[in-house]
Structure formats: C-alpha cells, structure tokens
Amino acid sequence: MAKRARVRKSTLKDPHENPFKASAIETHHYPIERSLLNACDPKKLHITFPQIKDHQTLEEFIDSEDNIMVLCDIHHRHPHYGIHHLLAQDFFIQPYLYSGYQVVAEMEEQEKIMAANERVIKRHTTKS
C-alpha cells in the first residue's frame with residue numbers, strides 16, 4: 001500500500017494528492033469511539049485526559065477536536081484500509097509502508113498479495 005496521502009476536501013479531485021480515489025472527507029472518533037461512551041469510566045479517562053472529570057465532560061469530549069480524526073472515506077470505512085476494519089497496528093503503520101505493500105487482502109488474494117509484498121520488500125532491501 002502506498003503512503004497514506006493527506007488528502008483534503010480541496011484535493012479530492014487531484015489524483016496525485018488523492019491516490020486512493022477518496023470521494024469524501026469524514027471524521028472518526030478517536031481514541032474514544034462514540035459507541036463506547038457509556039462503557040468508559042470518567043475517573044480512569046481523567047488520568048490521560050484531565051479535561052474529563054465526570055460523565056458530562058466525557059460527553060463534551062467525545063465530539064471535541066481532541067477526540068476527532070479527520071480521514072478520507074477510504075481510510076475511514078474501506079475494508080482493506082479503513083480504521084473501522086483494521087487492527088490498530090495495521091491501520092497506523094500505513095503512512096510508513098513502502099509503496100505497493102498491502103497489509104490486508106481478501107482470502108482468495110492472500111498468496112498473490114504476499115508474493116507482491118515480498119517483491120516490494122526485496123526491491124527496497126536489495127543492495128545495488
């Protein structure tokens with residue numbers, strides 16, 4: 001997979017700035033997913049996020065800039081690239097991967113993708 005572009009609404013139509021062909025910019029709750037709001041203990045969150053003191057301040061935090069990631073629709077919801085579908089380590093490593101390396105594949109494409117990934121690594125690690 002290529003380095004995740006920092007696509008913006010103004011660059012959605014630019015193929016160089018938008019290599020994944022995203023069609024929209026979206027927001028994602030992170031690190032606290034809205035669906036888990038009521039499962040979170042404000043006292044425990046207060047240690048990391050001092051602005052959270054009780055349930056009311058937790059609710060205010062959920063939609064604040066401190067808990068929002070701006071992503072393109074591909075890196076938000078796509079089954080191979082999106083934060084809603086990948087393990088954290090697979091999502092957050094994407095900007096640092098060699099171009100062409102893919103961390104997720106459909107089962108029927110697994111061997112093909114693994115072989116392609118090996119070629120990518122070999123290309124970047126073989127001495128000239």
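- Inspection of the Q110 and E106 side chains reveals no N or O donor paired with an N or O acceptor under 3.5 Å.
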message = Run D54 and T57 through side chain to side chain donor-acceptor pair (under 3.5 Å) and show every step you take.
response = CA-CA 5 Å; D54 52 28; T57 54; 3.0 Å; yes

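- Taking the six-membered ring where the residue is Trp, F92 and Y30 present tilted rings, their angle falling between 30° and 60°.
- Counting only heavy atoms from C-beta outward, the side chains of P79 and V104 never approach each other to under 4.5 Å.
- Checked against the 6.0 Å centroid criterion, the rings of H28 and H84 qualify as a close aromatic pair.
- A salt bridge links R34 with D63: the distance from a Lys NZ or Arg NE/NH1/NH2 to an Asp or Glu carboxylate oxygen falls below 4.0 Å.
- Using a 4.5 Å heavy-atom cutoff, the side chains of Q102 and H80 are in contact.
- Remark: K9 NZ is loosely packed, at most 12 non-hydrogen atoms of other residues, nucleotides or ligands lying under 6.0 Å away.
- No donor-acceptor pair closer than 3.5 Å links the side chain of N18 to the backbone N or O of V7.
- E33 contributes no side-chain N or O that, together with a main-chain N or O of S35, makes up a donor-acceptor pair within less than 3.5 Å.
- By the neighbour-count criterion of 12 heavy atoms within 6.0 Å, atom CD of Q89 is densely surrounded, having more than that number from other residues, nucleotides or ligands.
- Below 30°, between 30° and 60°, or above 60°: for Y81 and H75 the angle between ring planes is between 30° and 60°, a tilted geometry.
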